[in-house]
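Here the structure comes first, spelled out in structure tokens, and everything after it is commentary.
Order of the sequence lines fixes the chain letters, A, B, ..., with proteins taken first and strands second; residue numbering starts at 1 for each chain.
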Number of protein chains: 2
Amino acid sequence: MAKHIQSLERAAAMLRLLAGGERRLGLSDIASALGLAKATAHGILRTLQHEGFVEQDPDSGRYQLGAELLRLGTTYLDVHELRARALVWTDDLARSGGEAVYLGVVHQQGVLIVHHVFRPDDSRQVLEVGAMQPMHSTALGKVLTAFDPVAHAELVDAKREPFTARTLTELPDIERVLERTRAQGYATDMDETWEGVASVAAPIFDRHRLTVGAVGITGAVERMCRDGELRPELVAAVRDTARSVSRDLGAKPF
Amino acid sequence: MAKHIQSLERAAAMLRLLAGGERRLGLSDIASALGLAKATAHGILRTLQHEGFVEQDPDSGRYQLGAELLRLGTTYLDVHELRARALVWTDDLARSGGEAVYLGVVHQQGVLIVHHVFRPDDSRQVLEVGAMQPMHSTALGKVLTAFDPVAHAELVDAKREPFTARTLTELPDIERVLERTRAQGYATDMDETWEGVASVAAPIFDRHRLTVGAVGITGAVERMCRDGELRPELVAAVRDTARSVSRDLGAKPF
DNA sequence: TGCCTTCGTTCGACAATGCTAAACGCTATC
DNA sequence: GATAGCGTTTAGCATTGTCGAACGAAGGCA
């Protein structure tokens with residue numbers, strides 16, 4: 001007996017395929033990409049369409065993701081306990097730090113942003129909730145990798161893309177950073193993911209002292225750093241926030 | 001041969017069930033709610049969990065929606081053509097109107113919010129992207145019902161909940177309003193969904209002159225209305241925005 | 001503390017179920 | 001106006017998911 005339901009696995013693969021390709025995809029593309037007969041792919045797509053997970057463009061006949069996914073994805077956020085507990089604290093962090101705040105959890109081979117507070121100025125910013133960040137180069141990713149064994153295992157398999165000249169891609173280098181992250185209790189990212197952008201992040205624990213996520217702030221290096229080092233007051237603010245959320249989740253402070 | 005794949009329909013029903021119930025649900029609850037054997041429900045849930053659509057609380061064993069739904073839901077927004085085209089115009093509408101702007105599409109028996117621009121002041125507001133609004137009482141819902149035959153058909157079947165004393169729930173009353181909506185090209189909502197809140201919305205058409213969505217602004221009646229009527233300049237601004245987006249989508253202006 | 005219920009999970013056999021391959025109508029293209 | 005490609009439908013076979021019953025492990029009640 002198979003471990004997983006075949007049609008469901010295929011349906012999930014289709015959704016991920018549609019999420020990957022920028023444009024809409026045709027039935028033949030989908031079928032060949034997954035190695036399925038056209039009729040098989042069609043049956044799955046028809047059901048997904050009926051359930052609202054997939055939509056079909058009437059003109060071209062091409063398929064794209066459906067609206068029900070947005071509704072369910074938002075509902076996921078509503079039920080998310082870590083996010084609900086963090087909401088209270090992240091606004092304060094954004095205000096005191098003067099920078100954008102991100103709350104992330106481990107998902108597949110990256111960090112999924114579940115909450116995002118804009119930098120408190122009037123500049124136009126795009127909400128990044130639901131977006132993914134890389135594990136090996138961002139402060140959120142590094143802190144999660146350092147404290148979450150599952151994330152650490154994923155890191156080894158993941159392909160570690162170099163985004164800038166300062167991105168660490170070799171495992172030994174990264175392991176050394178993770179060691180230091182564990183020792184100091186927070187992680188940083190200076191020019192390793194985006195040029196001119198720095199970030200700090202600290203881990204959030206639940207009542208079993210398991211790492212369930214991380215908070216961090218991200219901003220221009222010029223504002224975040226002083227003398228080539230991250231401003232200590234920012235690091236302290238981030239760590240305080242992480243501790244507050246952890247306490248709300250039931251984590252005992254040692 | 002069945003019209004739809006059984007296991008997929010059941011999986012979708014589970015996700016919707018999990019989205020409905022506020023709290024996490026146990027396996028037995030899910031199985032009995034859908035009339036399935038526990039083993040059957042378990043097999044589906046195991047696959048959904050493996051794909052990231054469902055997560056299981058290690059302590060209680062209960063199930064909740066998974067992070068992959070958030071990721072896919074966000075991707076849906078990224079690919080959404082109407083939303084992409086509307087982004088440019090909605091900011092201007094929010095600024096000129098001084099109120100919150102919503103962009104909605106028909107989904108199931110309601111309006112799914114696919115874009116939301118905050119009212120341009122410094123008050124704290126929660127993003128409502130991914131949320132649903134009722135069809136029969138909001139300006140967005142009424143305008144979509146009036147111009148989209150599919151939405152109109154859904155309205156008849158839907159249960160029309162009375163939210164305030166002014167909510168219309170009887171079909172003949174609603175039909176009369178829809179008639180007027182079609183005639184004047186926009187719809188309004190004054191105290192019909194939330195007490196003290198008014199809204200205006202206008203339809204957006206694609207190149208086939210099919211209604212693909214609607215834009216509207218929502219705010220306190222005191223600001224939105226004058227002498228018991230919606231301020232004409234707000235109505236004009238909303239309709240201009242709808243026309244601009246329609247033109248961007250390829251709709252010919254008659 | 002010990003019994004008992006109830007939970008999530010596993011097992012094995014059956015037949016209903018979803019898969020495959022081939023043919024269909026259709027639209028665009030040259 | 002022929003052709004190549006699309007999405008869709010059909011029929012039959014065997015794979016696949018479903019079911020009922022039994023399992024170990026928690027949690028509640030006395």
Would you check if the side chain of [X] reaches a backbone N or O of [Y] as a donor-acceptor pair within less than 3.5 Å?
{"X": "B:T241", "Y": "B:W89", "value": "no"}
{"X": "B:T40", "Y": "B:L36", "value": "no"}
{"X": "B:H208", "Y": "B:A251", "value": "no"}
{"X": "B:H116", "Y": "B:E128", "value": "yes"}

Could you go step by step and tell me if A:D57 and A:S60 meet the side chain to side chain donor-acceptor pair (under 3.5 Å) rule? CA-CA 6 Å; A:D57 184 49; A:S60 62; 2.9 Å; yes
Rounded to the nearest angstrom, tell me the gap between atom [atom1] in [X] and atom [atom2] in [N].
{"X": "A:H4", "N": "C:dT9", "atom1": "NE2", "atom2": "P", "result": "13 Å"}
{"X": "A:L8", "N": "D:dG17", "atom1": "CG", "atom2": "P", "result": "8 Å"}
{"X": "B:I44", "N": "C:dG8", "atom1": "CD1", "atom2": "P", "result": "15 Å"}
{"X": "A:L34", "N": "C:dG18", "atom1": "CG", "atom2": "P", "result": "18 Å"}
{"X": "B:D57", "N": "C:dT9", "atom1": "CG", "atom2": "P", "result": "12 Å"}
{"X": "A:L45", "N": "D:dT9", "atom1": "CG", "atom2": "P", "result": "13 Å"}
{"X": "B:E55", "N": "C:dG8", "atom1": "CD", "atom2": "C1'", "result": "18 Å"}
{"X": "B:L36", "N": "D:dA21", "atom1": "CG", "atom2": "C1'", "result": "17 Å"}

Can you list the steps and then say if B:Y63 with B:H42 is a ring-ring contact (aromatic ring centres under 6.0 Å, His included)? CA-CA 11 Å; B:Y63 292 91; B:H42 178 70; 7.4 Å; no
May I ask you to say what B:S7 touches in the nucleic acid, namely base, sugar-phosphate or nothing, with a heavy-atom cut-off under 4.0 Å?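 Result for B:S7 = sugar-phosphate.
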Touch check for B:R62, heavy atoms < 4.0 angstrom, all strands: base, sugar-phosphate only, or nothing?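 Answer is nothing: B:R62 stays at 4.0 Å or more from every strand.
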Of all the nucleotides listed (D:dC19, D:dT8, D:dT9), which has the minimum atom distance to the side chain of A:Q56?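 In terms of side-chain proximity for A:Q56, the closest of D:dC19, D:dT8, D:dT9 is D:dT8.
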Can you list, by residue number, the residues of residues 24-33 of chain B that have a non-hydrogen atom closer than 4.0 angstrom to DNA chain C? B:G26, B:L27, B:S28
Using nucleotides 14-16 of chain C, report all nitrogen or oxygen pairs with the protein that are shorter than 3.5 Å.
none

What's touching nucleotides 23-26 of chain D from the protein side, N or O pairs under 3.5 Å?
none

Distance-only check: which donor-acceptor pairs under 3.5 Å involve side-chain atoms of residues 24-31 of chain B, not counting sequence neighbours?
from: B:R24; atom 1: NH1; to: B:Q64; atom 2: OE1; distance (Å): 2.5
from: B:D29; atom 1: OD2; to: B:G26; atom 2: N; distance (Å): 3.1

Can you work out whether A:G61 or A:R10 has the more 5'-proximal nearest nucleotide on DNA chain D?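 Final value for this comparison: A:G61.
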With DNA chain D as reference, determine whether B:A39 or B:D59 sits nearer its 5' end, using the nearest nucleotide of each.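 So the residue in question is B:A39.
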Pick out which of A:V106, A:L144, A:V150, A:V143 makes a side chain to side chain contact (heavy atoms under 4.5 Å, CB included) with A:T211. A:L144
In whole Å, measure the gap between the P atoms of D:dC29 and D:dA25 for me. 23 Å
Could you measure between the two P atoms, the one in D:dA11 and the one in D:dT15, and give it in whole Å? 22 Å
Considering just the side-chain nitrogens and oxygens of B:Y63, establish if one lies under 4.0 Å of OP1 or OP2 belonging to C:dC7. no
Could you tell me whether the phosphate oxygens of C:dT9, OP1 or OP2, come under 4.0 Å of any side-chain nitrogen or oxygen in B:H42?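 The answer is yes; a side-chain N or O of B:H42 sits under 4.0 Å from OP1 or OP2.
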Residues in ring pair (Phe, Tyr, Trp, His ring centres under 6.0 Å) contact with B:F147, at least two apart in sequence or another chain: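 B:F147 satisfies ring pair (Phe, Tyr, Trp, His ring centres under 6.0 Å) with B:F205 only.
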Ring pair (Phe, Tyr, Trp, His ring centres under 6.0 Å) partners for A:Y76, two or more places apart: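 Once residues adjacent in sequence are excluded, the partners of A:Y76 under the ring pair (Phe, Tyr, Trp, His ring centres under 6.0 Å) criterion are A:H80.
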Indicate the atoms forming the closest heavy-atom contact of A:H107 with B:A67, along with that distance.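 Closest approach of A:H107 to B:A67: ND1-CB, 3.6 Å.
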Please determine, by modelled atom types, if B:T193 and B:T138 share a side-chain donor-acceptor pair under 3.5 angstrom.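 B:T193 vs B:T138: no donor-acceptor pair found between side chains.
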